[in-house]
Novice: 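One structure, as structure tokens, below. Some questions next.
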Amino acid sequence: EHVSDENLRRIVTLTEMRTFKQGEVIIEQGGNNRDVFFLFKGSVSIIVDGNFIYNLQRSGDIFGEMGFMTGKPSSATIRAVGEIVVLVIAQDVLSIVHKSSADDLHSIIYEWFTRILSDKLFKTSQKAKMYESMSNELQAQKDELAKSYVIIRKQQEQMDQELEQARETQKTLLPKI
């Protein structure tokens, strides 16, 4: 499914095209972003708590939608990777749309967001499965290492005892001077 040409024209009339330079922060984690951004050209990095998560690089990728929809502070920092061009819909722009058109437009935008968020949720679920599998594998390796450590410690204790016995034996066999 896609957005009809008529609805797309209506949405485009509400957008503003913006350019950001390499490294420029578009959204700051914890900030109060109320705009939604559609990536037109370039790539952005998603950063959470200072850690790189992934890049968005497909034309049409969207970010800022959660703050736009919920009004909550941004959960990630979005930074330009090289120069980027985005289409921006500001939340306050929608409030100036004629009421009868606004409901239709909101419906279109939220349907669009639903598709995009479903895709993001699917990708996040796939990553979660991968991380869970890796976590289980690491835990199994950790358990094996712990068992190996116990065995090595016992062998070391046994060798220390044998060494001490050898020293005692040596003392009794060597002539006393």
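As the structure is a computational prediction, the values presented were derived from the model and not from experiment.
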Novice: Closest approach of Ala80 and Val44, non-hydrogen atoms and distance?
Specialist: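 So the two residues come closest at CA-CG1, 4.3 Å.
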Novice: Is the shortest side-chain heavy-atom distance between Ile26 and Phe63 below 4.5 Å?
Specialist: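 Yes, side chains in contact.
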Novice: For residues 160-172, please give each side-chain donor-acceptor pair under 3.5 Å, one per line with the distance, not counting sequence neighbours.
Specialist:
residue	atom	partner	partner atom	Å
Glu162	OE2	Gln158	NE2	3.4
Thr169	OG1	Gln165	O	2.9
Thr172	OG1	Thr169	O	2.7

Novice: Could you list the donor-acceptor pairs under 3.5 angstrom formed by side chains in residues 127-147, with sequence neighbours left out?
Specialist:
residue	atom	partner	partner atom	Å
Asn136	ND2	Glu132	O	3.4
Gln139	NE2	Asp143	OD1	2.9

Novice: So, taking the atom named OG in Ser118 and the one named NZ in Lys123, what distance separates them when rounded to the nearest 0.5 Å?
Specialist: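 Rounded to the nearest 0.5 Å, the OG-NZ separation comes out at 12.0 Å.
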Novice: Do Met17 and Val36 sit in the same hydrophobic cluster, where Ile, Leu, Val, Met, Phe, Trp and Tyr count as joined when their side-chain heavy atoms come under 4.5 Å apart?
Specialist: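 Same cluster.
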Novice: Under a single-linkage definition using a 4.5 Å side-chain heavy-atom cutoff for Ile, Leu, Val, Met, Phe, Trp and Tyr, are Val86 and Ile78 assigned to the same hydrophobic cluster?
Specialist: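 Val86 and Ile78: one cluster.
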Novice: According to side-chain contact (heavy atoms from CB on, under 4.5 Å), who are the partners of Thr124, at least two apart in sequence or on a separate chain?
Specialist: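 None.
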Novice: Locate the shortest heavy-atom distance separating Pro73 from Gly30; write the atom from each residue and the value.
Specialist: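 In terms of heavy atoms, the two residues are closest at CB-O, 3.5 Å.
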Novice: May I ask you to decide if Asn55's main-chain N or O and Ser45's side chain share a donor-acceptor pair within less than 3.5 Å?
Specialist: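 Side chain of Ser45 to backbone of Asn55, a donor-acceptor pair under 3.5 Å: no, none is there.
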Novice: Counting only N and O atoms by type, is there a donor-acceptor contact under 3.5 Å from the side chain of Ser59 to the main-chain atoms of Phe40?
Specialist: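 Such a contact is found between Ser59 side chain and Phe40 backbone.
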Novice: Report the residues that fulfil side-chain contact (heavy atoms from CB on, under 4.5 Å) with Phe122, sequence neighbours left out, ordered by chain and then residue number.
Specialist: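 In terms of side-chain contact (heavy atoms from CB on, under 4.5 Å), with neighbours along the sequence ignored, Phe122 is linked to Gln126.
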Novice: Same cluster or not: Leu39 versus Tyr54, using hydrophobic residues (I, L, V, M, F, W, Y) connected whenever any side-chain heavy atoms lie under 4.5 Å apart?
Specialist: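 Yes.
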Novice: Could you tell me the separation between the CZ atom of Phe37 and the CD1 atom of Ile62, rounded to the nearest 0.5 Å?
Specialist: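 It comes to 10.5 Å.
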Novice: Return the CD1 to CD1 distance between Ile27 and Ile47, rounded to the nearest 0.5 Å.
Specialist: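 One gets 12.0 Å once the value is rounded to the nearest 0.5 Å.
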Novice: First locate atom CD1 of Ile84, then atom NZ of Lys21, and finally report the distance between them rounded to the nearest 0.5 Å.
Specialist: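 One gets 12.0 Å once the value is rounded to the nearest 0.5 Å.
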Novice: For the CD atom of Glu157 and the CZ atom of Arg153, what is their distance to the nearest 0.5 Å?
Specialist: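 The CD atom of Glu157 sits 5.5 Å away from the CZ atom of Arg153.
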Novice: If you look at every heavy atom in Ala76 and Ile46, which pair is closest and at what distance?
Specialist: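 What the structure gives for the nearest pair is CB-CG2, 3.8 Å.
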Novice: Just grab all the salt bridge (Lys or Arg N to Asp or Glu O under 4.0 Å) pairs involving residues 28-50, residues at least two apart or on different chains.
Specialist: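 Pairs touching residues 28-50 that pass the test: Arg18-Asp35.
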Novice: Write out all pairs satisfying salt bridge (Lys or Arg N to Asp or Glu O under 4.0 Å) with one or both partners inside residues 60-88, taking only residues at least two apart or from two chains.
Specialist: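 For residues 60-88: Arg58-Asp61, Glu65-Lys120.
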Novice: Check whether Thr19 reaches the backbone of Val85 with its side chain - one donor and one acceptor, N or O, closer than 3.5 Å.
Specialist: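 Flag not set: sc Thr19 to bb Val85 has no pair under 3.5 Å.
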